[in-house]
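Taking it in order: structure first as structure tokens, then the write-up.
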There are 2 protein chains.
Amino acid sequence: MTLPPQTQPVKSAADPVEEFLKRRKKATINDVAALARVSKKTVSRIINNSPSVREETREAVNAIIARIGFRPDPQARGLAFRRSFLLGLIYDNPNAQYIVNMQMGILDKVRGSGIELVVHPCDKTSDSFLEEIRDFVELQRLSGVILLPPIAENRQLIQVLEELAVPFVRITARHGDDNSPPIKTSQVVSRDRMGCQQAADHLVSLGHRRIGFIEGPHTYASAKERRQGFAEGLKAHGLDIDPEITAEGAYSFESGFEAGQKILSHPDRPTAIFASNDEMAIGVYKVALQMGLSVPGDLSIIGFDDSPLAARVYPALTTVRLPIRDMGRMAAETLIDQEDHRKHTTVFDAALVVRDSTAPVPKNFKP
Amino acid sequence: MTLPPQTQPVKSAADPVEEFLKRRKKATINDVAALARVSKKTVSRIINNSPSVREETREAVNAIIARIGFRPDPQARGLAFRRSFLLGLIYDNPNAQYIVNMQMGILDKVRGSGIELVVHPCDKTSDSFLEEIRDFVELQRLSGVILLPPIAENRQLIQVLEELAVPFVRITARHGDDNSPPIKTSQVVSRDRMGCQQAADHLVSLGHRRIGFIEGPHTYASAKERRQGFAEGLKAHGLDIDPEITAEGAYSFESGFEAGQKILSHPDRPTAIFASNDEMAIGVYKVALQMGLSVPGDLSIIGFDDSPLAARVYPALTTVRLPIRDMGRMAAETLIDQEDHRKHTTVFDAALVVRDSTAPVPKNFKP
DNA sequence: CAGATTAATGACACCGGTTACCATAACGCG
DNA sequence: CGCGTTATGGTAACCGGTGTCATTAATCTG
């Protein structure tokens with residue numbers, strides 16, 4: 001009389017895996033090797049997807065790994081590999097929302113991959129700025145670096161990273177197709193220019209002809225791009241940027257306020273103002289309110305960034321949105337997935353977000 | 001004929017240190033040991049400020065370390081020590097400014113110390129939330145963890161961290177002296193209650209008697225504290241929170257808008273509203289504008305947080321400021337400097353920031 | 001000044017993985 | 001069927017530090 005085959009074998013207490021689990025100790029590669037009756041080298045091969053392992057062996061070992069919950073120690077692995085499993089995010093940027101969105105995007109990609117994100121703001125005005133970053137990258141043996149604007153444009157910094165031979169991506173508004181020599185690195189690019197063209201289009205289509213402009217700091221690539229985009233947008237309708245009603249700001253609320261005062265005190269004041277970011281646009285709100293101008297009745301305003309401010313002010317600000325989080329995710333992808341270490345560029349579109357701060361020019365407008 | 005003693009010895013090319021520097025290789029502890037003619041263990045002792053090293057030896061080795069620019073590899077050190085030199089910042093919080101301020105504070109302390117900050121937002125609604133954090137902390141062998149509200153109040157999470165025996169600090173508004181059992185961990189506490197008392201004081205001193213209140217979510221410790229502080233502030237003047245003109249919000253702009261609608265549609269509407277954060281306060285702005293109420297002429301409003309929004313809206317919002325950055329710095333200090341691993345609590349004051357959204361009750365006020 | 005005690009230093013294994021290299025088994029071909 | 005290949009697994013050394021413990025040098029004691 002034969003018994004039926006045991007479909008569900010009784011886990012005997014002598015099962016070495018069960019034995020191991022009882023000890024509640026963090027598993028090492030040696031434990032896996034011992035339980036699977038192979039050498040640790042073979043386990044290592046399997047962890048690293050090395051091809052020359054028999055399928056049978058691979059499955060058996062993976063089963064053990066899963067059962068005892070083995071996860072290789074990143075420090076030990078890093079030491080042997082001579083690189084860590086850390087991504088560095090380097091920036092010198094006061095805009096909190098931008099940074100957090102970027103972090104979220106990066107983390108979208110990184111989560112669960114065993115790679116972690118180390119944030120490293122810096123002060124580009126410090127003398128030791130470059131040394132600090134060199135130390136950081138070299139010491140931590142980062143597996144990749146993400147550079148945010150404006151320091152993503154810093155040539156010296158780029159050179160340092162190239163010397164260190166660390167993979168890095170620059171986030172930038174610059175497509176590198178104007179006359180200054182393009183910077184040849186991996187990059188994630190936003191079409192700021194496109195967004196500004198749309199802003200200009202939108203205003204012109206509402207009947208505005210006299211449009212003030214508040215630029216960002218000339219040292220910022222985004223500022224140049226936005227200016228150029230806005231100029232192109234106007235040009236398409238036979239218009240030009242008028243220097244009389246243009247001012248340079250510092251991307252800050254206060255500088256927007258001052259620029260707004262300058263522009264709106266012009267005897268022939270514009271019926272609309274395009275500010276290169278939301279902070280400055282909100283600064284113009286304050287000027288308008290103080291001058292008794294209604295927005296958008298007397299003055300249309302457009303900003304850029306779609307910061308949380310934009311939707312919360314009254315009237316809600318028409319602005320240009322960039323997919324910051326997506327860009328962050330793509331930056332991480334560029335560093336992690338790109339097997340070939342070629343320079344890789346991705347471009348993201350901007351989108352006009354029409355809210356309540358823009359309206360047609362009043363019919364009987366006389367300044 | 002004797003030559004004068006060479007005060008400035010010519011660095012002969014045979015100087016082993018010079019020789020070493022010529023090779024432009026990252027220095028290891030072995031290099032230091034060889035050049036200083038001591039064992040690597042002695043160098044290790046010096047790096048770690050071990051006491052039993054002769055002063056003479058220490059100086060000689062330190063000189064070599066400085067000359068060749070040796071810095072111990074954190075990965076190797078971490079492997080041997082069985083802990084990394086990373087601090088983890090764990091949060092589940094949508095407020096960008098808060099997070100960035102906190103990060104800056106932590107980095108103020110951490111910068112230059114060789115410790116780096118790993119950010120780890122998480123989703124407390126996910127099933128695997130606790131497992132993810134456990135993996136993160138265990139795998140990275142973090143040397144410390146900082147918990148931000150609201151998950152700083154999560155008992156299960158706290159238990160996990162205690163099991164892992166990782167040092168951690170909670171950032172919280174809760175002093176732990178009410179009836180629910182206090183959570184015994186290191187913490188950095190803000191006196192939210194105090195700020196709210198001041199807010200109540202301020203409004204009452206302006207003549208307001210009928211004051212609306214928008215609470216935060218009941219699950220947040222800060223919400224409870226703020227409510228309690230506001231209530232205490234009113235009580236000091238013989239007033240009470242009136243449930244008729246109180247609403248619960250979600251700390252968001254939209255929820256503030258809704259709460260404002262509810263409160264301001266009350267037949268006997270209040271002359272002032274205290275919102276438990278700025279987002280909700282700005283939501284009330286929108287309601288007021290839509291109802292044609294002037295702020296602060298018809299309605300005074302106070303918020304909480306002193307977010308960037310507060311100073312930029314019109315009229316600028318009176319609010320309560322918390323020294324977030326300082327708290328971040330203190331959190332890092334608590335983890336890094338505290339030799340004894342006793343539970344350590346630090347308390348920070350809140351401060352009322354009076355701007356333009358609060359004014360005396362109009363003399364002839366009739367609802 | 002011998003012997004005991006203490007301070008300073010070094011030898012060696014180890015942290016938990018990896019690579020370099022060698023040994024064996026399986027396979028193809030003339 | 002012998003031999004060169006290719007697949008697979010093992011061994012030892014190594015990544016760059018630290019812990020343990022033994023050893024040597026310096027200081028103390030009677």
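In what follows, chains carry the letters A, B, and so on, assigned in the order in which the sequence lines appear, proteins first and then strands, with residues in each chain numbered from 1.
- Among D/dC15, C/dG10, C/dC15, the nucleotide with an atom closest to any side-chain atom of B/V38 is C/dG10.
- Take the nearest nucleotide of DNA chain D for B/R45 and for B/T28: the residue whose nucleotide is more 5' is B/T28.
- Of the listed nucleotides (C/dT18, C/dA11, D/dG16), D/dG16 has the atom at the smallest distance from the side chain of A/R141.
- A/T57 has no side-chain polar atom (N or O) that falls below the 4.0 Å cut-off from OP1 or OP2 of D/dT8.
- Between A/T42 and D/dG10 there is a side-chain N or O to OP1 or OP2 distance below 4.0 Å.
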>> As a check on the pairing definition, encode DNA chain D in dot-bracket form, counting Watson-Crick and G-U wobble pairs whose two distances are under 3.5 Å, and using | for partners outside this strand.
In response: ||||||||||||||||||||||||||||||

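- In summary, B/E163 and B/R134 engage in a salt bridge, as defined by a charged side-chain N under 4.0 Å from a carboxylate O.
- Judged by a 6.0 Å distance limit and a 45° cone about the ring axis, B/R83 is positioned over the six-membered ring of B/F85.
- When distances are taken from the side chain of B/A80 to each of C/dT9, C/dC15, C/dG17, the shortest belongs to C/dC15.
- Using modelled atom types, one finds no donor on one side chain facing an acceptor on the other under 3.5 Å when comparing A/T334 with A/Q338.
- For the side-chain contact (heavy atoms from CB on, under 4.5 Å) criterion with A/I90, the lone passing option out of A/L147, A/I146, A/V119, A/L142 is A/L147.
- Nearest nucleotide to the B/R82 side chain, out of D/dG17, C/dC15, C/dG17: C/dC15.
- Looking at A/N93, its side chain does come within 3.5 Å of a backbone N or O of A/P149 through a donor-acceptor pair.
- For B/E162, the CD atom is densely surrounded, since the number of other residues' heavy atoms within 6.0 Å is greater than 12.
- For A/K40, taking side-chain heavy atoms from C-beta onward, the closest of the listed nucleotides D/dG10, C/dG17, C/dG16 is C/dG17.
- Between B/S44 and D/dG17 there is no side-chain N or O to OP1 or OP2 distance below 4.0 Å.
- Rounded to an integer number of Å, the gap from B/L79 CG to C/dG17 P is 9 Å.
- Counting only heavy atoms from C-beta outward, the side chains of A/R77 and A/I47 approach each other to under 4.5 Å.
- Here the nucleotide nearest the side chain of B/R77, chosen from C/dG17, D/dG17, D/dC15, is D/dG17.
- Residue contacts shown for B/V43 are absent, as no nucleic acid heavy atom lies under 4.0 Å away.
- If you take CZ of B/R58 and C1' of C/dA7, they are 13 Å apart, rounded to a whole angstrom.
- Within residues 47-56 of chain B, the residues having any heavy atom under 4.0 Å from DNA chain C are, by residue number, B/S52, B/V53, B/R54.
- Ranked by how close their nearest DNA chain C nucleotide is to the 5' end, B/K41 and A/N30 are led by B/K41.
- Judged by distance alone, the side chains of A/N48 and A/S50 never bring a donor and an acceptor atom under 3.5 Å apart.
- Taking the charged nitrogens against the carboxylate oxygens, B/E153 and B/R170 do have a contact shorter than 4.0 Å, which makes a salt bridge.
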